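Since the structure is predicted, the reported quantities are computational estimates derived from the model, not experimental observations. Order of appearance sets the numbers: ligands from 1, and atoms from 1 within every ligand. Scope of the values below: all heavy atoms of this structure, side chains included, with no hydrogens, waters or symmetry mates.
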Amino acid sequence: MAKLIGGLGTSHVPSIAAALDKGLRDTPDWKAFFDGYIPGQDWVKEHRPDVAVVIFNDHGNTFFLDKVPTFAVGCAEEYRPVDEGWGPRPIAPFKGEVDFSWHFIDTLVENRFDPMICQEIEVDHGLQVPMELFWGRPAEWPVKVVPIFVNVIQYPIPLPSRCYEMGRVLRQAIESYDSDERFVILGTGGLSHQLQGARAGFVNPEADQAFLKDIADNPDKLAAMSREQYVEMFGSEGAELMMWLVMRGAMDRDVVVRHKHYFVPASMTGAGMIVMENKEAAAPAAAA
Ligand code: DHB
Ligand code: FE
């Protein structure tokens with residue numbers, strides 16, 4: 001059966017991609033941010049996952065407000081990076097893991113989740129940026145992707161607890177998938193930011209740091225919070241953070257944090273990263 005080897009969390013701020021496109025990686029504004037991801041990239045090189053399940057939200061690039069699925073799952077051979085208005089970006093199209101996508105959709109429906117099924121769809125910075133942050137800019141991606149789109153834009157958005165439950169179904173789907181592939185799950189979005197309204201520019205570094213601790217040690221607390229509490233604590237767009245709960249819900253109760261990084265501000269956002277492994281699988285005795 002397939003195996004879950006880790007859970008990664010990261011922001012997906014679009015200016016990160018713009019900084020890479022413009023060759024600004026090593027400038028004073030960006031170097032500390034990007035250097036913080038080096039241990040995460042090393043983890044990926046060492047563990048060589050075959051499949052990345054990426055949980056993210058579309059930002060009006062693929063879906064618009066006329067049609068908004070609460071949960072959507074990609075089951076395509078290929079996902080092209082969508083042009084967000086600045087022209088095509090120099091990154092390769094993402095390869096799909098079609099058979100797993102269908103298996104996951106089937107497992108979701110059996111568990112009373114009914115997602116939108118997308119056989120043809122493009123992916124925006126919500127998926128592009130996390131992939132570049134962990135895998136760099138390969139000519140061809142060494143990992144297949146399964147995109148999961150969560151609506152955190154158009155109210156009513158789903159409950160954080162529902163995202164957490166979806167993660168448990170994702171784990172069930174991975175462990176019932178007849179394959180020897182190694183899976184990682186990426187929860188993306190956040191951390192605190194608000195791009196519009198009276199609190200535009202709001203960031204909350206204390207809450208971000210607490211989130212990075214709780215996502216590992218106390219995920220039940222984060223899953224029990226209301227949507228309003230997410231908006232209040234992390235900003236209207238910072239509510240994206242509830243998507244990390246899909247990744248966390250797929251992991252064991254006890255995890256080991258391998259790497260963690262926090263940087264503020266990236267654009268107008270508190271930017272964070274975490275790399276976790278299930279404690280039991282990570283223990284030396286289990287590995288021997
Ligand atoms: C911005 C956009 C995002 O989708 C996000 O998650 C963080 C920041 C931005 O436009 O600055
Ligand atoms: Fe976003």
Asker: Return a table of N or O atom pairs, ligand 1 on one side and protein on the other, at distances under 3.5 Å, rounded to 0.1 Å.
Answerer:
from: ligand 1; atom 1: 4 (O); to: H59; atom 2: NE2; distance (Å): 2.7
from: ligand 1; atom 1: 4 (O); to: H125; atom 2: NE2; distance (Å): 2.8
from: ligand 1; atom 1: 6 (O); to: H12; atom 2: NE2; distance (Å): 3.0
from: ligand 1; atom 1: 6 (O); to: H193; atom 2: NE2; distance (Å): 3.3
from: ligand 1; atom 1: 6 (O); to: E240; atom 2: OE1; distance (Å): 2.8
from: ligand 1; atom 1: 6 (O); to: E240; atom 2: OE2; distance (Å): 3.4
from: ligand 1; atom 1: 11 (O); to: S267; atom 2: OG; distance (Å): 3.3

Asker: Any chance you could measure M1, atom CE, to E175, atom CD, to the nearest 0.5 Å?
Answerer: 10.0 Å
Asker: According to ring pair (Phe, Tyr, Trp, His ring centres under 6.0 Å), who are the partners of F234, at least two apart in sequence or on a separate chain?
Answerer: F211, Y230
Asker: For E120, give me all partners under side-chain contact (heavy atoms from CB on, under 4.5 Å), at least two apart in sequence or on another chain.
Answerer: none
Asker: I'd like to know if the Fe ion (ligand 2) has an N/O/S atom from H125 within less than 2.8 Å of it, counting both backbone and side-chain atoms.
Answerer: no
Asker: H59: which N/O/S atom is nearest the Fe ion (ligand 2)?
Answerer: NE2
Asker: State which residue, out of K3, E97, Q172, H103, fulfils the side chain to side chain donor-acceptor pair (under 3.5 Å) condition with Y177.
Answerer: E97
Asker: Just checking, R162 and Y164: is the charged tip under 6.0 Å from the six-membered ring centre and within 45° of the axis?
Answerer: no
Asker: State which residues pass side-chain contact (heavy atoms from CB on, under 4.5 Å) with D124; sequence neighbours excluded, sorted by chain then number.
Answerer: F56, D58, H59, N61, V82, E84
Asker: Roughly, to 10 degrees, what angle do H12 atom NE2 and E240 atom OE2 form around the Fe ion (ligand 2)?
Answerer: 110°
Asker: Are more than 12 heavy atoms, taken from residues, nucleotides or ligands other than D26, located less than 6.0 Å from that residue's CG atom?
Answerer: yes
